[in-house]
Structure formats: C-alpha cells, structure tokens
Amino acid sequence: MADWDTVREIALSFPEVEESGEDRIAFGVRGKLFAWAARERDGGGLGIRVDGAEKQLVLDSNPEVYFTSPHYDGWPGVQIRLEAIERDELQMRLEDAWLIQAPKKLAAAYVAENED
C-alpha cells in the first residue's frame with residue numbers, strides 16, 4: 001500500500017522533477033506533468049501519464065488498482081488507487097510516466113545510468 005508521501009518520495013527521485021500545487025499536488029519535468037492528484041469529482045486517486053497505446057492494457061492489468069473516469073477519455077492518463085498499489089509497482093508506473101514526459105536526452109541519460 002502506498003500513500004502521498006510515497007508518491008512524493010518516488011517522484012522527486014527522478015532528475016529535474018518539480019512539485020507544484022497546494023490543494024492538488026502535481027509533479028512535472030521541464031514543465032510537463034507526469035503525475036498529479038486527480039480531482040475528487042473525477043474519482044480522485046493519483047493521475048499518471050501513460051503511453052496512449054498502452055492505456056487499456058494498464059487499466060486491464062489490475063482493475064483494483066487502475067481506473068479511469070470520463071474526464072480522461074481520449075487522453076493518455078489513468079488513475080491509481082494508492083491504497084491498492086504496492087510500492088514497487090508504483091515506482092515502475094511513476095518511472096514510466098516520467099520517461100514519457102522527460103526530454104529525450106534526459107530520459108536516455110537516466111536509462112543509461114540505471115541499466116541493470
């Protein structure tokens with residue numbers, strides 16, 4: 001199970017991430033959001049950027065964790081129930097979201113540095 005402190009810790013571990021917002025926190029890289037607190041009227045949770053071609057795969061992979069609302073229809077984002085996701089999976093999803101939004105050179109340098 002994760003919480004907003006876990007989200008903050010993981011998100012800020014990636015290069016050049018900035019946190020913004022007071023009521024609804026958000027994390028971005030060079031002005032592009034990759035994770036945010038979804039609006040309660042849209043179901044709440046953590047919103048993250050996903051590859052548009054993989055959105056349905058993410059949603060289908062674990063409906064207990066991933067969901068969407070009409071606000072996200074036609075847009076490459078999903079919502080996460082923090083109380084239902086394990087830290088390792090959250091780390092992977094936030095990393096993917098960051099890689100999607102990070103400039104190509106920054107993302108490539110991060111991947112090269114973190115290859116196993």
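Each residue takes its place number in the sequence, starting with 1.
Partners of Glu16 under the side-chain contact (heavy atoms from CB on, under 4.5 Å) rule, at least two apart in sequence or in another chain, are Val29, Arg30, Leu106. Not counting sequence neighbours, the partners of Ala11 by the side-chain contact (heavy atoms from CB on, under 4.5 Å) test are Phe27, Phe34. With sequence neighbours excluded, no residue forms a side-chain hydrogen bond (donor to acceptor under 3.5 Å, both in side chains) with Thr68. Residues forming a side-chain hydrogen bond (donor to acceptor under 3.5 Å, both in side chains) with Asp60 (at least two apart in sequence, or on another chain): Gln56. Under the side-chain hydrogen bond (donor to acceptor under 3.5 Å, both in side chains) criterion, Glu54 pairs with no residue at all, not counting sequence neighbours. For Asp88, there are no side-chain hydrogen bond (donor to acceptor under 3.5 Å, both in side chains) partners, not counting sequence neighbours.
Considering every non-hydrogen atom in both Gly44 and Ala38, the closest pair reads O-CB, 3.3 Å.
From Ile80, atom CD1 reaches atom CD1 of Ile85 across 4.5 Å, with rounding to the nearest 0.5 Å. A distance of 8.0 Å separates CD1 of Ile48 from CD1 of Ile100, quoted to the nearest 0.5 Å. Distance OG1/Thr6 to CG/Leu46: 11.0 Å, rounded to 0.5 Å.
Residues in residues 43-52 take part in no side chain to side chain donor-acceptor pair (under 3.5 Å) pair, two or more places apart or across chains. Residue pairs meeting the salt bridge (charged side-chain N to carboxylate O under 4.0 Å, His left out) criterion with at least one partner in residues 61-87, sequence neighbours excluded, are Glu9-Arg87. The list of side chain to side chain donor-acceptor pair (under 3.5 Å) pairs with a residue in residues 95-107, not counting sequence neighbours, reads Glu95-Tyr110. Identified under the side chain to side chain donor-acceptor pair (under 3.5 Å) test for residues 17-28, with sequence neighbours left out: Arg8-Glu19. Residue pairs meeting the side chain to side chain donor-acceptor pair (under 3.5 Å) criterion with at least one partner in residues 39-48, sequence neighbours excluded, are Arg39-Asp42, Arg39-His71.
Trp75 shares a hydrophobic cluster with Leu33, Trp36, Tyr72; the chain of contacts runs through ILVMFWY side chains whose heavy atoms sit under 4.5 Å apart.
Proximity of a side-chain donor or acceptor of Lys55 to a complementary backbone N or O of Gly77 within less than 3.5 Å is detected.
The hydrophobic cluster containing Phe14 does not contain Met92, counting ILVMFWY residues as joined when their side-chain heavy atoms lie under 4.5 angstrom apart, directly or transitively. Placement of Tyr66 and Leu57 in two distinct hydrophobic clusters is found when ILVMFWY residues are connected by side-chain heavy-atom separations under 4.5 Å, directly or transitively. The cluster map of Ile, Leu, Val, Met, Phe, Trp and Tyr, joined by side-chain heavy atoms under 4.5 Å apart, puts Leu90 and Phe67 in different clusters.
Residue Met1 places its CE atom among 12 or fewer non-hydrogen atoms of other residues, nucleotides or ligands, all under 6.0 Å distant.
For the side chain to side chain contact (heavy atoms under 4.5 Å, CB included) with Arg93, the qualifying choice from Val58, Val78, Val65, Val50 is Val58, the only one to do so.
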